[in-house]
Amino acid sequence: MDTSRLTRIDETSWQIEPSGAMRVPGIIYGDETLIRAMDDKVAEQTANVASLPGIVKGAYVMPDAHWGYGFPIGGVAAFDPNEGGVVSAGGVGFDVSCGVRTLLTGLTVPEVRRVQERLADALMSSIPAGVGSHSGITLQGREMDAMLRGGAAWAVEKGWGGAEDLARIEERGRMEGADPDCVSERAKKRQRREMGTLGSGNHYLEVQAVETLYDPDTAAVLGLAEGDVVVTIHCGSRGLGHQIGTEFLRDMLPAAAEAGIHLPDRELACAPIHSPIGERYLGAMRSAINCALANRQILGEFAREVFARFFPDHPLDLLYDVSHNTCKVETHTVDGRPRRLFVHRKGATRAFGPAHADLPEALRGVGQPVLIGGSMGTGSHILVGTGAGDKAFSSACHGAGRAMSRRAALKRWRGRQVVDELAERGILIRSPSMRGVAEEAPGAYKDVDQVVIAAERAGLARRVAHLRPLICVKG
DNA sequence: ATGTAC
């Protein structure tokens with residue numbers, strides 16, 4: 001990105017001054033290296049988002065951002081329904097409520113090392129992974145609708161996990177306002193056999209070691225100690241969310257024109273929040289959020305079943321579950337006035353600070369866990385929200401972000417070679433797709449450490465722990 | 001991300 005077009009606010013905050021149709025500034029967080037490495041298209045897309053009706057304060061961009069469909073991935077934008085604000089399917093993304101959950105095992109690295117190969121094989125055979133994978137669970141009719149209304153709470157009622165899990169999931173495991181009647185039959189049909197499946201691409205289940213603690217006191221509250229083993233799952237709403245995204249991106253284009261909204265880019269298709277299609281999208285998108293929450297709940301239970309075979313005395317406790325592709329109604333104080341806003345986070349994690357009423361009591365002293373997935377080789381990070389200044393409506397980054405296209409990665413690496421190199425470093429990869437592994441080679445990703453350091457310096461969240469992968473089941 | 005094109 002050409003930094004000469006930006007105003008540098010401080011070490012890690014850069015501003016695109018409003019010009020042309022922009023209603024608010026664009027704010028990009030990141031150190032100079034990250035900003036320079038970003039495509040100019042990120043700045044262009046940010047300026048486009050800043051021109052949408054009803055946008056409040058600014059169009060925000062996280063340090064791991066790259067250009068996406070309409071909105072940048074790593075973008076945050078909030079809209080006020082009372083000022084003509086819009087909702088945009090492109091502002092949420094195709095994989096609605098894609099997210100990350102981390103479970104504590106109470107095990108230490110040597111205990112897991114002893115069974116690492118067998119554990120990897122067992123996870124691989126119990127966690128459905130890859131394009132079009134199936135778990136054996138089928139849902140249709142009223143049961144599908146119950147899942148779409150109930151999310152992880154539905155999954156718990158059906159026997160996947162316990163009620164204590166729900167407090168540790170955003171929205172307490174169940175997104176209000178979901179309306180399965182707004183979800184097309186085609187979207188439901190695609191999901192019929194996909195509950196409890198990981199999917200493909202950058203989705204994974206990892207067994208990880210807590211390698212470094214940046215804040216041992218906060219880590220202790222989260223239940224993390226150096227040398228502990230945790231399980232992290234990254235996946236979303238599978239075919240259902242994708243179908244909803246596809247349909248509403250298509251249908252919001254004429255709707256925007258009818259509402260008299262000028263779109264600088266047709267990929268920014270959106271509709272007024274209080275319009276028939278805006279409300280239908282919200283009903284469908286919230287159903288997809290529940291689908292993703294239920295999916296991660298079921299996958300977490302599959303992991304519990306596998307671990308119970310190896311370690312019957314070590315139940316897995318849910319640390320937290322975050323979604324990073326959502327539009328949620330939240331109250332934020334803007335210019336001294338609390339306002340009810342529709343906050344779009346696309347490739348961005350909610351990062352509420354300490355004392356926030358939506359956090360479970362056990363976490364209110366430290367802030368919301370922010371779970372950041374890295375690559376297979378470099379590991380992941382756990383941060384907590386600070387709430388300080390309510391920056392970017394209390395949001396933070398979501399991952400490392402690709403540094404190289406899938407195509408370029410395929411030309412550079414062979415999947416088998418990536419698996420062998422990681423095995424030498426004690427990281428066992430299991431995947432149905434060696435092509436997928438090559439595409440996901442650690443070298444194809446940005447340096448996640450640099451991303452989270454930038455997020456911390458920008459005051460979006462603060463680092464608590466770095467996790468190193470031991471086993472990765474890759475979709 | 002995605003029954004990797006309807």
Side-chain angles (χ1 to χ4, degrees), chain A residues 45 64-75 88-101 128-140 144 183-205 233-251 267 269 284-285 287-289 291-293 295-296 299 322-327 344-349 373 375-376 398-402 404-411 415 431-440 444-445 473-475:
Chain A
Q45 292 190 326
D64 53 334
H66 47 110
W67 68 274
Y69 189 94
F71 284 61
I73 295 160
S88 170
V92 172
F94 284 95
D95 191 2
V96 177
S97 197
C98 181
V100 181
R101 87 164 32 196
V131 178
S133 53
H134 303 300
S135 64
I137 299 168
T138 55
L139 281 189
Q140 51 192 319
M144 172 69 75
V183 178
S184 70
E185 284 308 314
R186 191 169 178 185
K188 291 177 185 175
K189 193 177 172 195
R190 280 182 70 167
Q191 195 60 27
R192 275 180 56 178
R193 299 203 292 156
E194 291 195 339
M195 295 310 294
T197 66
L198 210 47
S200 63
N202 64 0
H203 290 166
Y204 58 77
L205 179 148
I233 296 166
H234 176 211
C235 67
S237 53
R238 308 286 288 109
L240 181 129
H242 190 270
Q243 186 64 29
I244 289 169
T246 303
E247 290 168 7
F248 280 92
L249 277 164
R250 179 193 67 205
D251 296 344
E267 292 187 2
M285 185 267 304
S287 302
I289 289 179
C291 176
L293 297 181
N295 195 31
R296 287 196 290 273
L299 282 163
V322 299
S323 296
H324 48 228
N325 283 357
T326 59
C327 174
H344 294 63
R345 295 188 182 89
K346 179 187 190 181
T349 310
S375 73
M376 295 182 288
H398 84 306
R402 292 197 77 87
M404 192 185 285
S405 71
R406 292 188 176 276
R407 171 187 286 273
L410 276 177
K411 285 180 79 170
S431 175
S433 166
M434 279 304 116
R435 176 198 168 101
V437 170
E439 289 179 351
E440 293 290 319
Y445 277 86
V473 176
K474 193 78 182 163

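Throughout, a chain's letter reflects where its sequence line sits, starting with A, and its residues are numbered from 1.
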Rounded to whole Å, the CD-C1' distance (A/Q243 to B/dT2) equals 10 Å
Quick one: A/E247 CD to B/dT2 C1', roughly how many Å, whole number? 13 Å
Is it true that the side chains of A/E440 and A/Y445 contain a donor and an acceptor less than 3.5 Å apart? yes
A/S200 and A/R238: side chain donor to acceptor below 3.5 Å: no
Within the 4.0 Å heavy-atom criterion, would you say A/R192 contacts the bases, only the backbone, or no part of the nucleic acid? nothing
What's the CG-P distance between A/L240 and B/dT2, to the nearest Å? 12 Å
Could you tell me whether A/G199 contacts a base, only the sugar-phosphate backbone, or nothing, with contacts defined as non-hydrogen atoms closer than 4.0 Å? sugar-phosphate
Grab the CZ-P distance between A/R190 and B/dA5 for me, whole Å please. 12 Å
For DNA chain B, whose closest nucleotide is more 5', that of A/V131 or that of A/H203? A/H203
Atom CZ of A/R435 and atom P of B/dT2 are separated, to the nearest Å, by 14 Å
Nearest-Å distance for atom pair NE2/P, residues A/H242 and B/dG3: 7 Å
How long is the line joining CG of A/D95 and C1' of B/dT4, in whole Å? 14 Å
Does A/S200 place a side-chain N or O at less than 4.0 Å from the phosphate oxygens OP1/OP2 of B/dT4? no
Calculate the interatomic distance between A/F248 atom CZ and B/dT2 atom C1'; express it in whole Å. 18 Å
Taking atom types as modelled, is there a side-chain donor on A/D95 or A/H203 under 3.5 Å from an acceptor on the other? yes
Is it true that atom CZ of A/R406 has more than 12 heavy atoms of other residues, nucleotides or ligands lying nearer than 6.0 Å? yes
